[in-house]
Amino acid sequence: FGDALTALEAFVYANPDSADGWNYIGFVSRKLEKYEDAERYYSLGLEINPLHKGILEYQGELYLKTNRIDKARENLSILNDLCNFNCSYRDKLREKIKNNN
């Protein structure tokens, strides 16, 4: 993940309006257990696109990792509103919340 983080830092620097870029750098930071960085990156991505399903799922996973299950449930609620059928983002977060209890 270290090399990916370096590449993603360069990408978001060159493409600061890419919600996907902020999502990916947040994901890598979370996997590296850099939770404060991940939270900041997800927030930046949501400023660009408040309905970004990938960020909402991964941010929810971050909330679970940092013992904020109520915040994870808030993200799941948003995904429930955004998703109709076969929504892997919603389904994955729902399953992780269920397994967290």
Side-chain angles (χ1 to χ4, degrees):
F1 287 113
D3 291 340
L5 183 61
T6 301
L8 285 164
E9 286 170 343
F11 178 83
V12 296
Y13 180 79
N15 303 280
D17 293 330
S18 171
D20 288 334
W22 293 111
N23 183 38
Y24 295 133
I25 197 169
F27 173 84
V28 169
S29 296
R30 180 171 51 89
K31 291 297 185 178
L32 290 169
E33 298 183 356
K34 296 181 176 191
Y35 300 134
E36 289 180 16
D37 290 345
E39 187 153 357
R40 184 172 58 253
Y41 297 145
Y42 291 142
S43 292
L44 287 167
L46 289 173
E47 285 180 21
I48 296 163
N49 180 358
L51 304 179
H52 193 287
K53 293 174 188 169
I55 295 175
L56 290 165
E57 176 197 345
Y58 287 156
Q59 184 185 54
E61 292 180 23
L62 173 66
Y63 290 148
L64 290 173
K65 203 68 155 149
T66 56
N67 299 312
R68 295 179 284 168
I69 193 162
D70 289 342
K71 298 287 282 177
R73 286 185 179 129
E74 288 175 21
N75 280 33
L76 179 59
S77 178
I78 295 167
L79 286 169
N80 280 331
D81 291 342
L82 292 175
C83 294
N84 291 319
F85 302 102
N86 298 325
C87 183
S88 63
Y89 305 103
R90 176 198 58 214
D91 297 345
K92 287 178 188 172
L93 183 56
R94 181 188 312 135
E95 189 65 24
K96 291 196 179 207
I97 289 171
K98 178 181 165 188
N99 291 332
N100 192 60
N101 294 330

Drop me the distance from [X]'s [atom1] to [Y]'s [atom2], to the nearest 0.5 angstrom.
X     : Y     : atom1 : atom2 : result
Leu62 : Glu36 : CG    : CD    : 10.5 Å
Leu79 : Leu93 : CG    : CG    : 6.0 Å
Phe1  : Thr6  : CZ    : OG1   : 13.5 Å
Ile78 : Glu57 : CD1   : CD    : 13.5 Å
Lys53 : Asn23 : NZ    : CG    : 13.0 Å
Asn49 : Glu47 : CG    : CD    : 12.0 Å

The test is side chain to side chain contact (heavy atoms under 4.5 Å, CB included); show your working for Leu56 and Leu46 and say whether it passes. CA-CA 8 Å; Leu56 290 165; Leu46 289 173; 4.1 Å; yes

Decide yes or no on side chain to side chain contact (heavy atoms under 4.5 Å, CB included) for Ile25 and Leu44, but give the supporting numbers first. CA-CA 11 Å; Ile25 197 169; Leu44 287 167; over 6 Å; no

Within a strict 4.5 Å, meaning less than it, do heavy atoms of the [X] and [Y] side chains meet?
X     : Y     : answer
Tyr41 : Asp37 : yes
Glu39 : Ser29 : no
Arg94 : Asn80 : yes
Tyr42 : Phe27 : yes

Non-hydrogen atoms of [X] and [Y] that approach each other most closely:
X     : Y     : answer
Lys34 : Leu5  : NZ-CD2, 3.8 Å
Gly45 : Ala19 : O-CB, 3.8 Å
Ala38 : Gly26 : CB-O, 3.4 Å
Asp20 : His52 : OD1-NE2, 2.7 Å
Asp17 : Ile48 : O-CG2, 3.5 Å

Are Val28 and Tyr63 grouped together when hydrophobic residues (ILVMFWY) are joined by side-chain heavy atoms under 4.5 angstrom apart? no

Could you go step by step and tell me if Asp70 and Arg73 meet the side chain to side chain contact (heavy atoms under 4.5 Å, CB included) rule? CA-CA 5 Å; Asp70 289 342; Arg73 286 185 179 129; 3.6 Å; yes

Taking Glu61 as the fixed residue, which of Arg68, Arg30, Lys31 is the one that meets the salt bridge (Lys or Arg N to Asp or Glu O under 4.0 Å) rule? Arg30

CG (Asn86) with more than 12 external heavy atoms under 6.0 Å: no

Regarding Tyr13 and Glu9, do their side chains bring together a donor and an acceptor under 3.5 Å, going by distance alone? no

Closer than 3.5 angstrom, by distance alone: can the side chain of Trp22 be matched with the main-chain N or O of Arg40 as a donor-acceptor pair? no

Can you list the steps and then say if Thr66 with Lys71 is a side chain to side chain contact (heavy atoms under 4.5 Å, CB included)? CA-CA 10 Å; Thr66 56; Lys71 298 287 282 177; over 6 Å; no

